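Have a look at the structure below, then the notes.
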Protein chains: 2
Amino acid sequence: MVLQQAEDLLHDYLMAREQKLTWQRRTILAIFFAARTHLTIEELYKKVREQNRNIGVATVYRTVKILCDCGLASGFKDAGGNVKYELGQEYHEHLVCVKCGRVIEAVEAVYQLPAKLCTAKKFKVLHSRLEVYGICQECSNPCSCAGKA
Amino acid sequence: MVLQQAEDLLHDYLMAREQKLTWQRRTILAIFFAARTHLTIEELYKKVREQNRNIGVATVYRTVKILCDCGLASGFKDAGGNVKYELGQEYHEHLVCVKCGRVIEAVEAVYQLPAKLCTAKKFKVLHSRLEVYGICQECSNPCSCAGKA
DNA sequence: CTTCTTGCAAAGAATTTGCATAGAA
DNA sequence: TTCTATGCAAATTCTTTGCAAGAAG
């Protein structure tokens, strides 16, 4: 995904809800996008401030929430217990070592047989979770779509 | 994974660190295990209280942290922005609709071609994240293992 | 016996909210 | 112009911590 696509998606989402695409939201999205890693709110905020001193934390929180709502980002707790957010690379695999916390990036294969992948990396699987964000069948069908809360 | 296995794993983890397996920890693990879903701390706490009135929130927090550290559980932010925890089923797939929030459980295939799976479920992928928790090569090797903080 | 745990309540972080003003459509 | 978004700081909510008493090994 390129930035333009992400921004379009955000734009559409906001328009549909009669909300606005402000320069703050654009800025935050762009910085988040450029980072290409998972960040805590604080980390993201710091980067944002580097670029523009006039954006408040609250706006970062509010914007990240929107990004999560529209499916562009998602949040999770990392090994250290901190809540991190990640902009959605379409397929992104992490192998997280629960002993040392090391994170092995594995963006390569498109989910094809992670078992094989783990074997190749000599990574002993304890457990895992796959979250796929998208639009379910019901919501894809305009007639039966209930919309979002 | 059965409860006994989980408890053994926890036990080993605690022993290795000279920590103790208390009845509170067993209780919380068992209740969490029985729930078979992702829960917020509050939800878990409520269930725990139903079974035993003398366990404090702090203990639930502390225990869940241990479960995360030893790789039995992991935390993430759900569609509503709440931090949820999930005990590790070895392979567990969720298809999360970003419109309605519906979660399609897809425990079936062992990650084999989620793309195919999504097609079958008519689920339009926006993005996804796979977290695999386990022991990395370095940590599996007792000689080079740095241990955990 | 010694050391780690616990429950409680207070402390500390993290996140949200109210309100007047600025800004997008 | 009309509403929504923003920044600030206060208000909330979520999590962690300190401590005396109680268990686990």
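The model shown is predicted, which means the values in this text are computed figures rather than measured ones. Each chain gets a letter, A, B and so on, in the order the sequences are listed, and its residues count up from 1.
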[X]: what forms a side chain to side chain donor-acceptor pair (under 3.5 Å) with it, not counting sequence neighbours?
{"X": "A/K77", "result": "B/Y85"}
{"X": "B/Y45", "result": "B/R49"}
{"X": "A/N52", "result": "none"}

Open item on the list: I'd like to know if B/M15 and B/L67 are part of one continuous hydrophobic network [Ile/Leu/Val/Met/Phe/Trp/Tyr, side-chain heavy atoms within less than 4.5 Å].
Closed with: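 No: no chain of side-chain contacts under 4.5 Å links B/L67 to B/M15.
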
- [ ] Look at the side-chain N and O atoms of A/K65 and state whether any lies under 4.0 Å from the OP1 or OP2 oxygen of C/dT15.
- [x]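 Answer no for this pair, as no side-chain N or O of A/K65 is under 4.0 Å from OP1 or OP2.
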
Open item on the list: So, does A/Y61 get its side chain near the phosphate of C/dT15, meaning an N or O under 4.0 Å from OP1 or OP2?
Closed with: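 Yes.
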
Could you state the [atom1]-[atom2] distance from [X] to [N], rounded to the nearest angstrom?
{"X": "A/K84", "N": "C/dT15", "atom1": "NZ", "atom2": "C1'", "value": "18 Å"}
{"X": "A/R25", "N": "C/dA24", "atom1": "CZ", "atom2": "P", "value": "11 Å"}
{"X": "B/L10", "N": "C/dT5", "atom1": "CG", "atom2": "P", "value": "11 Å"}
{"X": "A/Y13", "N": "D/dA5", "atom1": "OH", "atom2": "P", "value": "11 Å"}
{"X": "B/I66", "N": "C/dT5", "atom1": "CD1", "atom2": "P", "value": "7 Å"}
{"X": "B/Y85", "N": "D/dC14", "atom1": "OH", "atom2": "P", "value": "12 Å"}

Open item on the list: Each nucleotide in nucleotides 18-25 of chain D should get exactly one letter: B, S or -. Can you fill that in based on protein heavy atoms under 4.0 Å?
Closed with: B-----BS

Open item on the list: As an exercise, state the distance from CD1 of B/I66 to CG of B/L14, rounded to the nearest 0.5 Å.
Closed with: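 Going from the CD1 atom of B/I66 to the CG atom of B/L14 covers 5.5 Å.
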
Task: Donor-acceptor contact below 3.5 Å, side chain A/R25 vs main chain A/H11 - done: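 Not at all, since once roles are kept as given, no pair shorter than 3.5 Å links the two residues.
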
- [ ] Give me the residues of residues 40-55 of chain A where at least one heavy atom lies under 4.0 Å from an atom of DNA chain D, by number, or none.
- [x]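 Close to the strand are A/N54, A/I55.
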
Task: A/K47: partners by side-chain contact (heavy atoms from CB on, under 4.5 Å), with sequence neighbours left out - done: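 Once residues adjacent in sequence are excluded, the partners of A/K47 under the side-chain contact (heavy atoms from CB on, under 4.5 Å) criterion are A/I31, A/A35, A/L39.
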
Open item on the list: Could you report the tightest heavy-atom contact between A/F33 and A/V2, atom names first, then the distance?
Closed with: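 Nearest pair, atom of A/F33 first, then A/V2: CZ-C, 3.4 Å.
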
